[in-house]
Protein chains: 2
Amino acid sequence: MSSPFRKSTLLVALGGNAMIKKGQAGTIDEQFENLRTPIRQIARLSQDYRIIITHGNGPQVGNLLLQQECCDAAPDLPLEILVAQTQGQIGYMIESTLDSQLMEMGIEDKQLFVSLLSYVVVDPNDPAFSDPSKPVGPVFTEAESVGLSYPVRKTPRGFRRVVASPRPITIVEKREIQKLIEMNFIVICCGGGGIPVIREGRTFAGVDAVIDKDLASAKLAEEVGVDLFVIATDEAGAALHYGTPEQRFLGKISVREAEQFLSRGQFPAGSMGPKVEAAIRFVSAGGHRAVITAVDRIEAAVTGQAGTILET
Amino acid sequence: MSSPFRKSTLLVALGGNAMIKKGQAGTIDEQFENLRTPIRQIARLSQDYRIIITHGNGPQVGNLLLQQECCDAAPDLPLEILVAQTQGQIGYMIESTLDSQLMEMGIEDKQLFVSLLSYVVVDPNDPAFSDPSKPVGPVFTEAESVGLSYPVRKTPRGFRRVVASPRPITIVEKREIQKLIEMNFIVICCGGGGIPVIREGRTFAGVDAVIDKDLASAKLAEEVGVDLFVIATDEAGAALHYGTPEQRFLGKISVREAEQFLSRGQFPAGSMGPKVEAAIRFVSAGGHRAVITAVDRIEAAVTGQAGTILET
């Protein structure tokens, strides 16, 4: 565990929106093409770091919700099962893209890597269940958003369906993930923030929710011991006065500054807000450096040359 | 690897139809309830054996196909992505059911277990691509099956959609799976026969197909070294003259007998046929015992007390 020779552990959290870009319908070719940029960098970084990859699933789980709602030919599945389905879909896409990149580098035979299903325990009394805030699925205009059968909120990208987003309490597979990274496996896990479950006596039960993938990643980082945490998204980093003429990009900031900006509502809920919060939690729990950056700047972010950087 | 103290390795292949029984719509509660019977037995067997669990996905992938066809709100995904989605769904359901059973036994903290996404290489020139034979999705009456937009065949359970089912050549994650079972992880993998891919130079590409999960399981068993192979299904075992008044259940049979019955067409393609073929391949490749049995007789099958048994 604490061998002086061990590599540092890097956790990269890939946004679901980094796979389906603004304006794209989200065909499978688009998603594979978009993945190449971050995964090529991660493949190179795997030479120097132990790697964990987590990922979002907002657009993908939204598409599954849409399909299920407009079709009565098969029984509806609860949201946690749809999250599990997106872990299958996106986990495979990331793993096979990584495989191709490692092949191009000629090192696929030297590197073990797996994509794991992961579920995450939440509190059934979490206030999020009575106040849905996590955007999923397609972006609507204000006119389109009227009369939809589910809760909708305005987000920086437009109007979107929102679902409950409770806090992650613990990653059920943490022992397995820790063991695998100790053995230098690249581990893809916690997709879509993990499949949300609650404890019911001596068993787990799924719940209708989506856990924020950045907060789940920060919890995982704390539980398995991660040194560097990169949150890769479709923005260059966090900004003050986002979307206004006064918008100002944030470079290196302290945890205290980040907390102040966050408490003043500078970062939108369900979007940059949880990313900044996840970065704060990671550094506060002992992590070395957290960076929020664009998907094409992951390598620069790791060395502190890009993005919004929080350090101890 | 060949320590005299190592436990034998048991691979249990669970049929997709063992999760959604004949006459059930396939609600999530039904699927969880049906899983308890096989998983309770597997949890007990994990005390004495290293365990690999594989699973089918026929009804589940069929439901995703149906939904996608009847809804234009999201881009259609190719079949291999739907297979990946069912690996997410069913892998989670098996893993969380196993978790609950191990908790009931009070040993969940002593046992590591993971559910892995798996993809399987097939040959782009496999004749199966021009002759779809694998049933997926719901069962239709003959009248309902007329006029459907995809190929349909009569199966013992009724009329069903069929898709290409090429031979598995190699399991891409075999090194990882072998390493994990050596470390006494229970590994859930190769769901739905694995996500089908072909090699294209230095990369993999998904293909529109479903690999038979029993043949994929036999290939995995050969590649990672499995001692016992149990194929758990909704029948007590293989039978001669199936579905006729002369139906005769088969107990212990030799590989040679099994090959003869198979070549005489005693076992339906896309159903019992590939199960018998998988059992033959497993034993011929050096496996100790293969058993085709009902989901409630897995423990008895392991000790040779139930099912249709092939031994070396």
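It should be emphasised that the depicted structure is a prediction, and the values quoted were computed from it without experimental measurement. Every chain is numbered from 1 and lettered A, B, ... according to where its sequence line falls, protein lines coming before strand lines.
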For this session: Could you tell me which of B/Asp109, B/Ile90, B/Ile81, B/Leu180 has the largest number of non-hydrogen atom pairs under 4.5 Å with chain A?
Result: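 With the most close heavy-atom pairs to chain A, the winner is B/Ile81.
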For chain B, find which of [options] contributes the most heavy-atom pairs closer than 4.5 angstrom.
| options | result |
| --- | --- |
| A/Met183, A/Gln31, A/Glu80 | A/Met183 |
| A/Ile195, A/Val197, A/Leu64 | A/Ile195 |
| A/Gly62, A/Ser115, A/Gly26 | A/Ser115 |

Heavy-atom count check: over 12 atoms from other residues, nucleotides or ligands less than 6.0 Å from [X] [atom1]?
| X | atom1 | result |
| --- | --- | --- |
| B/Arg199 | CZ | no |
| B/Lys179 | NZ | no |
| B/Asp208 | CG | yes |
| B/Asp72 | CG | no |

What is the distance from atom [atom1] of [X] to atom [atom2] of [Y], rounded to the nearest 0.5 Å?
| X | Y | atom1 | atom2 | result |
| --- | --- | --- | --- | --- |
| A/Gln68 | B/Gln68 | CD | CD | 14.0 Å |
| A/Thr27 | B/Leu77 | OG1 | CG | 9.5 Å |
| B/Phe204 | A/Thr97 | CZ | OG1 | 12.0 Å |
| A/Ile177 | B/Leu112 | CD1 | CG | 11.5 Å |
| A/Gln101 | B/Thr203 | CD | OG1 | 8.0 Å |
| A/Gln89 | B/Thr86 | CD | OG1 | 11.5 Å |

Exercise. Does a donor on one side chain sit under 3.5 Å from an acceptor on the other, for A/Gln67 and B/Gln67?
Worked result: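 Per modelled atom types, A/Gln67 and B/Gln67 side chains form no pair under 3.5 Å.
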Problem set entry | Steps toward side-chain contact (heavy atoms from CB on, under 4.5 Å) verdict (A/Leu117, B/Leu117) | CA-CA 8 Å; A/Leu117 301 184; B/Leu117 301 185; 4.2 Å; yes
[X] side chain near [Y] side chain, heavy-atom distance below 4.5 Å:
| X | Y | value |
| --- | --- | --- |
| A/Asp99 | B/Val172 | yes |
| B/Ile28 | A/Pro78 | yes |
| A/Gln85 | B/Gln87 | no |

[X] versus chain B, heavy atoms under 4.5 Å apart: side chain, backbone, both or neither?
| X | answer |
| --- | --- |
| A/Pro59 | neither |
| A/Ile188 | neither |
| A/Leu66 | both |
| A/Glu200 | neither |
| A/Ser96 | both |
| A/Val83 | neither |

For this session: Sort B/Leu116 into side chain, backbone, both or neither according to what part of it lies under 4.5 angstrom from a heavy atom of chain A.
Result: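 Its backbone and side chain both get close to chain A.
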Problem set entry | Backbone N/O of A/Phe113 and side chain of B/Arg175: donor-acceptor pair under 3.5 Å |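 Judged by distance alone, no pair lies under 3.5 Å.
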